[in-house]
Amino acid sequence: MAQYFDQIEKITFQGPESNDPLAFRHYDANQLILGKTMAEHLRFGACYWHNLCWDGSDIFGSGTFDRPWQQAGNALEMAKVKADVAFELFTKLTIPYYSFHDIDVAPQGNSLKEYSENMKVMMDVLAEKQQQTGMKLLWGTANVFSHPRFMSGAASNPNPEVFAYAATQVFSAMNATKMLGGENYVLWGGREGYETLLNTDLRQEREQLGRFFQMVVEHKHKIGFNGTLLIEPKPAEPTKHQYDYDTATVYGFLKQFDLENEVKVNIEVNHATLAGHSFHHEIATAISLGLFGSIDANRGDPQLGWDTDQFPNSVEEWTPVMHDILKSGGFSTGGLMFDTKLRRQSIAKADYFHGHIGAMDTCALALKKAASLLESQELNKIVAERYAGWSGDLGKAIMTGDYSLESLAKQALSDNIQPTHVSGRQEQLENIINKHIFSR
C-alpha cells in the first residue's frame with residue numbers, strides 16, 4: 001500500500017531547544033554515555049498490539065480509530081497491510097526493535113491448521129520487512145488469553161485440551177521468534193489466575209503451570225534458541241488474582257520448579273504499581289535476585305485501578321531506575337519495549353509519533369541524569385558506608401557461617417555489644433538525586 005504516514009518524515013534529533021513537536025529533544029541515538037551509545041543503552045522497541053491491533057474501543061463504546069487494516073476483507077491480506085504500516089511507523093520513529101503476539105501479526109483462523117498456515121505466511125512477510133528495514137525482533141509471544149477457550153486460563157485451565165491448544169500456539173510462536181532472530185521470548189499469563197477460590201484447585205493449577213514452563217524451557221534448548229525466556233509479572237486484571245503477581249512471587253515459582261537459572265522477568269511499569277509496588281522496587285528486586293531481563297515501558301494513572309498503558313513521561317521516576325540498571329551492567333538481550341497505547345480520543349496519525357517521541361525523550365533524559373549520578377558515586381558511597389560493618393570481621397564471620405545462633409549470642413554477651421542507631425540520610429539522598437535531575 002502507499003505510505004500511511006505520508007505527511008510525516010523520519011524523526012530526527014534536534015536538541016533541547018527545538019520547538020518541533022515531531023523531533024527528538026533528548027534522544028540522540030549516537031550520543032556516547034558511559035562508553036556506549038544511547039541506542040545501545042536503551043534498546044527501544046515498539047509493540048504491534050496496541051499500535052496496530054487496538055481499534056479504540058472500550059467496554060462502554062465502539063472503536064474510535066479508522067484504520068484501513070482493520071476494515072472488512074481477506075484477513076491475511078489485511079495482516080500484510082498491517083505489516084506495511086507497522087514497519088513504516090517503526091522506521092520513521094527510528095526505533096530499532098519491535099515485538100508481537102502471534103495473532104497480532106497473523107490471523108487466528110478457525111482451526112489450529114489455519115493458524116499454523118497463516119503464521120508461516122506472515123513470518124516470511126516479517127522476515128522480508130526486517131531485511132528491508134534493518135529492524136530486529138526484541139521478543140515474540142503467544143496470545144493465549146483473548147479467545148473464549150482461554151477464559152479459565154491457558155496452562156492453568158481445568159481442561160487439558162486447552163493446555164494442549166495453548167502449547168501449540170507457544171510452540172509456533174517460539175519457533176517464529178527464533179526464525180526471525182528474536183532476542184527474547186515472553187510468557188505473560190494473561191488469564192493464569194482465578195476469579196474465585198470456590199471453583200479453583202490452587203495446587204493443581206500451579207503444578208500445571210510449572211509443567212508448562214518446563215516444557216517451554218525444554219523446547220528452547222531443543223531448537224537451539226539462544227535468546228532469553230521472560231515471565232511478565234502482573235497482580236490482577238483480567239483475573240482477580242494472577243499467579244505471576246510480582247517479581248518476588250515469580251522467583252518463588254521458578255525456584256519450586258528448578259527454573260530460576262532458565263527464566264528472567266520482563267517488568268512492566270504499570271503492573272508494578274498495580275501490585276502496590278513502585279517501578280523502582282520491582283527493578284531493584286529483579287536485579288538483586290538475578291532475574292532482571294527486560295522492561296515494558298509505560299505508566300499507569302494513579303487515580304485508576306487498572307492497566308492504562310500510557311506513555312512514560314516522568315524523568316523523576318525513571319532516573320533512579322536507570323541508575324540501578326546502569327550500575328548492574330545494563331541490558332543484555334532485553335530493552336525498553338513501549339507497551340503503550342494512544343488515548344481513545346487521540347485519533348490523528350501524528351498522535352502515534354507524539355506519544356513515542358515523548359516517551360523516548362523521557363527515557364533518554366533519565367539515562368543522562370542517571371549516568372551523571374552514577375559517575376558522581378554520591379549515592380553509592382553513602383550506601384557503602386551504611387553497610388560497611390558487613391565487610392568487617394564480625395560481618396564476614398556471620399555471613400560465612402562461622403557462627404551458629406548460639407555461638408553468636410555467646411559472643412555478643414561476652415563482648416557486651418551496644419550497637420547505636422545511625423541516620424539513614426533519606427532526605428539527603430533524595431536531594432542528591434534531585435540535584436542531578438534538575439541540573440542543566
Side-chain angles (χ1 to χ4, degrees), residues 101 139 141-146 150-158 163 166 170 184-214 216-217 228-302 304-309 317 321 324 334 337 339:
H101 300 86
W139 50 260
T141 188
N143 180 332
V144 289
F145 48 86
S146 291
F150 300 121
M151 71 176 188
S152 300
S156 61
N157 197 286
F163 183 108
V170 170
N184 308 270
Y185 184 84
V186 169
L187 296 129
W188 178 58
R191 294 190 188 272
E192 311 295 15
Y194 64 79
E195 299 291 345
T196 175
L197 287 170
L198 299 178
N199 64 5
T200 302
D201 185 334
L202 286 174
R203 182 184 295 275
Q204 173 67 28
E205 294 197 2
R206 190 175 180 88
E207 291 292 333
Q208 290 173 210
L209 273 172
R211 181 59 194 135
F212 194 93
F213 278 89
Q214 288 170 343
V216 168
V217 169
T228 304
L229 296 177
L230 301 168
I231 291 180
E232 185 173 321
K234 189 179 184 183
E237 191 201 5
T239 64
K240 175 181 178 180
H241 172 85
Q242 295 195 194
Y243 298 134
D244 51 3
Y245 192 95
D246 60 8
T247 297
T249 303
V250 168
Y251 182 70
F253 170 82
L254 294 175
K255 288 285 286 185
Q256 179 181 353
F257 294 99
D258 298 320
L259 298 171
E260 68 272 18
N261 295 319
E262 297 282 359
V263 183
K264 297 186 183 299
V265 288
N266 179 49
I267 294 170
E268 178 171 324
V269 182
N270 204 172
H271 293 181
T273 53
L274 288 175
H277 305 310
S278 68
F279 173 37
H280 192 187
H281 166 88
E282 282 292 88
I283 294 295
T285 299
I287 290 172
S288 72
L289 294 172
L291 289 184
F292 177 65
S294 195
I295 293 176
D296 271 14
N298 60 19
R299 79 178 198 275
D301 187 315
L304 298 176
W306 60 86
D307 200 1
T308 59
D309 290 329
E317 179 180 38
V321 169
D324 284 11
M337 172 58 55
D339 184 0

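Only this structure's heavy atoms are used, side chains among them; waters, hydrogens and symmetry mates stay out. All of these numbers come straight from a predicted model, not from anything done at the bench.
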**Q** Evaluate the criterion side-chain contact (heavy atoms from CB on, under 4.5 Å) for residue pair Leu259 and Gln214; output intermediate values, then yes/no.
**A** CA-CA 7 Å; Leu259 298 171; Gln214 288 170 343; 4.2 Å; yes
**Q** Using a 3.5 Å distance criterion without hydrogens, assess whether the side chain of Thr247 forms a donor-acceptor pair with backbone atoms of Ala286.
**A**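 A pair under 3.5 Å: no.
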**Q** Which value, rounded to the nearest 0.5 Å, describes the distance between Leu187 atom CG and Leu229 atom CG?
**A**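 The distance works out to 6.5 Å.
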**Q** Quick one: do Lys264 and Asn184 satisfy side-chain contact (heavy atoms from CB on, under 4.5 Å)? Show the steps, please.
**A** CA-CA 10 Å; Lys264 297 186 183 299; Asn184 308 270; over 6 Å; no
**Q** Identify the two heavy atoms, one from Glu207 and one from Phe257, that lie closest to each other, and give their separation to 0.1 Å.
**A**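 For Glu207 versus Phe257, the nearest heavy atoms are OE1-CE2, 3.8 Å.
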**Q** Atom CZ of Arg191 and atom OG of Ser156: how far apart are they, to the nearest 0.5 Å?
**A**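 Here the rounded value is 11.0 Å.
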**Q** Would a distance-only check, ignoring hydrogens and angles, find a side-chain to backbone donor-acceptor pair under 3.5 Å from Asn298 to Asn270?
**A**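 Yes.
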**Q** For Ala272 and Ser278, which heavy atoms make the closest approach, and how far apart are they?
**A**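 Between these two residues, the closest heavy atoms are CB-O, 3.9 Å.
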**Q** Look at the side chain of Asn157 and the backbone N and O of Phe163, then say whether any donor-acceptor pair between them is shorter than 3.5 Å.
**A**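 It does not hold such a pair.
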**Q** Testing Thr249, Val250, Leu209 for side chain to side chain contact (heavy atoms under 4.5 Å, CB included) with Tyr243, which one passes?
**A**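 It is Leu209; the other options fail the test.
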**Q** Considering only heavy atoms from C-beta outward, does the side chain of Asp296 approach that of Val186 to under 4.5 Å?
**A**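 No - every pair of side-chain heavy atoms lies 4.5 Å or more apart.
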**Q** Is the backbone of Phe145 close enough, under 3.5 Å, to the side chain of Asn143 for a donor and an acceptor to pair up by distance?
**A**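 Between the backbone of Phe145 and the side chain of Asn143 there is a qualifying donor-acceptor contact (under 3.5 Å).
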**Q** With side-chain contact (heavy atoms from CB on, under 4.5 Å) as the criterion, how do Tyr194 and Leu202 come out once you've worked through the C-alpha distance, each side chain's angles and the decisive distance to 0.1 Å?
**A** CA-CA 9 Å; Tyr194 64 79; Leu202 286 174; 3.9 Å; yes
**Q** Nearest 0.5 Å please: distance from the CD atom of Glu205 over to the CD atom of Gln208.
**A**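 It is 6.0 Å, given to the nearest 0.5 Å.
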**Q** Does Glu192 reach the main-chain N or O of Gln242 with its side chain, forming a donor-acceptor pair under 3.5 Å?
**A**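 No: the side chain of Glu192 does not pair with the backbone of Gln242.
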**Q** Please report the interatomic distance CG(Asn261) to CG(Leu291), rounded to the nearest 0.5 Å.
**A**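 Those atoms lie 9.5 Å apart.
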**Q** Side chains of Leu197 and His241, heavy atoms from C-beta outward: is any pair under 4.5 Å?
**A**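 Sidechains of His241 and Leu197: no contact.
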**Q** Working to the nearest 0.5 Å, report the span between CG of Asp244 and CZ of Phe213.
**A**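 It comes to 7.0 Å.
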**Q** What is the minimum heavy-atom distance between Thr200 and Thr196, and which atoms define it?
**A**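 Nearest pair, atom of Thr200 first, then Thr196: OG1-O, 2.7 Å.
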**Q** Give a yes or no answer on whether the side chain of Glu282 reaches the backbone of His277 with a donor-acceptor pair at less than 3.5 Å.
**A**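 Checked: no pair found.
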**Q** Please identify which of these residues, Leu230, Val217, Val216, meets the side chain to side chain contact (heavy atoms under 4.5 Å, CB included) condition with Val263.
**A**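 That would be Val217.
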**Q** Working to the nearest 0.5 angstrom, can you tell me the gap between His101 NE2 and Thr141 OG1?
**A**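 Taking NE2 in His101 and OG1 in Thr141, the distance rounds to 5.5 Å.
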**Q** Has Glu232 got a side-chain atom pairing as donor or acceptor with Asn266's backbone, closer than 3.5 angstrom?
**A**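 Here the side-chain-to-backbone pair does not exist.
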**Q** Return the set of residues passing salt bridge (charged side-chain N to carboxylate O under 4.0 Å, His left out) with Glu237 (not counting sequence neighbours), or none when no residue passes.
**A**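 Glu237 satisfies salt bridge (charged side-chain N to carboxylate O under 4.0 Å, His left out) with Lys234 once adjacent residues are dropped.
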**Q** List the atom of Ala284, the atom of Asp324, and the distance in Å for their closest heavy-atom pair.
**A**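 Taking every non-hydrogen atom into account, CB-OD2, 4.1 Å.
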**Q** List the atom of Val269, the atom of Arg299, and the distance in Å for their closest heavy-atom pair.
**A**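 Looking at all heavy atoms of both residues, the shortest contact is CG1-CA, 4.4 Å.
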**Q** List the steps, then state whether side-chain contact (heavy atoms from CB on, under 4.5 Å) holds for Phe212 with Val170.
**A** CA-CA 10 Å; Phe212 194 93; Val170 170; 3.8 Å; yes
**Q** What heavy-atom pair brings Ala248 and Thr285 nearest, and what distance separates the two atoms?
**A**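 Closest pair (atom of Ala248, atom of Thr285, distance): N-CG2, 4.5 Å.
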